[in-house]
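The structure appears right after this line, and notes come after that.
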Amino acid sequence: MTTEVTYRGAVYPWHCDHVGHMNVMWYVGKFDEATWNFFARLGLTPAYLRDAGRGMAAVQQNITYKRELLAGDVVEVNTSLREIGNRSIRFVHEMRDAVTGEVAAVCELTGVHIDRQARKSVAFTDAIRDCAAACLGVTDAAMA
């Protein structure tokens, strides 16, 4: 299983709440940006989603906050694929202070590949599953 950088950014003063640290809504936003970068690397690009009438729906998201981030902190999100099924995907984001390397938050997500018109889950294409298999370092037979 490989881990790759999917987001780099900074904490701005307007990201901070009344106690001076980055508000939870911004953690979610940065994780969301990391998700779209990760999906694009798997072939779930905006063009594919538009042209094929497909979408991705988050069905579960769990965030663990490890340490606060403050205005001026530089952050990096690394993402690793944990599992890909016929219609669903599970992956983990790890947000770190890019200077100290300390883990600030971890987010585990499960998403489902959907037909946007039918509003039902559909199978990933072989190309997407093959790319995911390469990410996992496994053969197709070993995927869920």
Side-chain angles (χ1 to χ4, degrees), residues 1-116 119 121-140 142-144:
M1 169 177 36
T2 62
T3 299
E4 53 189 285
V5 175
T6 51
Y7 175 85
R8 286 189 173 103
V11 179
Y12 291 96
W14 57 86
H15 293 161
C16 297
D17 59 20
H18 67 286
V19 293
H21 64 263
M22 187 167 74
N23 186 271
V24 296
M25 71 179 274
W26 295 100
Y27 285 86
V28 173
K30 291 174 188 302
F31 283 136
D32 186 59
E33 289 185 58
T35 294
W36 291 110
N37 280 290
F38 179 63
F39 283 171
R41 291 176 190 174
L42 295 178
L44 293 162
T45 63
Y48 162 76
L49 295 170
R50 276 191 301 270
D51 296 347
R54 299 296 185 242
M56 292 298 297
V59 295
Q60 185 168 359
Q61 180 172 333
N62 299 310
I63 301 175
T64 303
Y65 299 97
K66 303 281 192 176
R67 71 177 285 286
E68 47 186 33
L69 291 168
L70 307 172
D73 286 344
V74 179
V75 298
E76 181 175 279
V77 175
N78 290 280
T79 305
S80 60
L81 178 62
R82 296 299 167 94
E83 175 182 21
I84 187 159
N86 191 37
R87 301 165 186 244
S88 66
I89 187 169
R90 188 171 59 89
F91 53 98
V92 174
H93 294 307
E94 187 175 74
M95 183 183 294
R96 291 182 176 270
D97 180 308
V99 175
T100 67
E102 292 178 84
V103 176
V106 177
C107 180
E108 182 173 347
L109 290 116
T110 302
V112 176
H113 188 232
I114 62 168
D115 177 311
R116 289 194 338 249
R119 306 308 261 184
S121 64
V122 293
F124 288 112
T125 65
D126 289 341
I128 291 167
R129 287 180 53 80
D130 290 347
C131 188
C135 247
L136 286 169
V138 298
T139 63
D140 199 34
M143 293 192 310

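Position 1 is the first residue of the sequence, and the numbers go up from there.
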- Message: Test of understanding: with side-chain contact (heavy atoms from CB on, under 4.5 Å), list the residues that count as partners of Asn37, not counting sequence neighbours.
- Response: Thr6

- Note on the structure: With sequence neighbours left out, the residues meeting side-chain contact (heavy atoms from CB on, under 4.5 Å) with Glu94 are Arg96, Val103, Val106

- Of all residues at least two apart in sequence or in a different chain, which pass the ring pair (Phe, Tyr, Trp, His ring centres under 6.0 Å) check with His15? Tyr12, Trp26

- Taking only residues two or more places apart in sequence, or in another chain, which ones meet Tyr65 in a ring pair (Phe, Tyr, Trp, His ring centres under 6.0 Å)?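 Only Tyr27 meet the ring pair (Phe, Tyr, Trp, His ring centres under 6.0 Å) criterion with Tyr65.
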
Contact between [X] and [Y] at the side-chain level, heavy atoms closer than 4.5 Å - yes or no?
| X | Y | value |
| --- | --- | --- |
| Gln61 | Val28 | yes |
| Arg90 | Glu108 | yes |
| Met22 | Met95 | yes |
| Leu69 | Val75 | yes |
| Leu70 | Val11 | no |
| Cys16 | Asn23 | no |
| Leu44 | Met56 | yes |

Side-chain donor or acceptor of [X] paired with backbone N/O of [Y] under 3.5 Å:
| X | Y | result |
| --- | --- | --- |
| Arg116 | Arg54 | yes |
| His113 | Val122 | yes |
| Arg87 | Ser121 | yes |
| Asp51 | Tyr48 | no |

- Query: Could you state the interatomic distance from SG (Cys107) to NZ (Lys30), rounded to the nearest 0.5 Å?
  - Reply: 14.0 Å

- Message: Within this structure, what is the CG-CG distance for the pair Leu81 and Leu136, rounded to the nearest 0.5 Å?
- Response: 4.0 Å

- Message: As a quick check of understanding, evaluate side-chain contact (heavy atoms from CB on, under 4.5 Å) for Leu42 and Ile89, giving each step before the final call.
- Response: CA-CA 11 Å; Leu42 295 178; Ile89 187 169; 3.5 Å; yes

- Item | Residue pairs fulfilling ring pair (Phe, Tyr, Trp, His ring centres under 6.0 Å) with at least one residue in residues 80-99, sequence neighbours excluded |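 Applying ring pair (Phe, Tyr, Trp, His ring centres under 6.0 Å) to every pair that reaches into residues 80-99, excluding sequence neighbours, yields Phe31-His93, Phe38-Phe91, Phe39-Phe91, Phe91-His93.
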
- Message: Under the rule for salt bridge (Lys or Arg N to Asp or Glu O under 4.0 Å), what residues qualify as partners of Glu4, not counting sequence neighbours?
- Response: Arg41

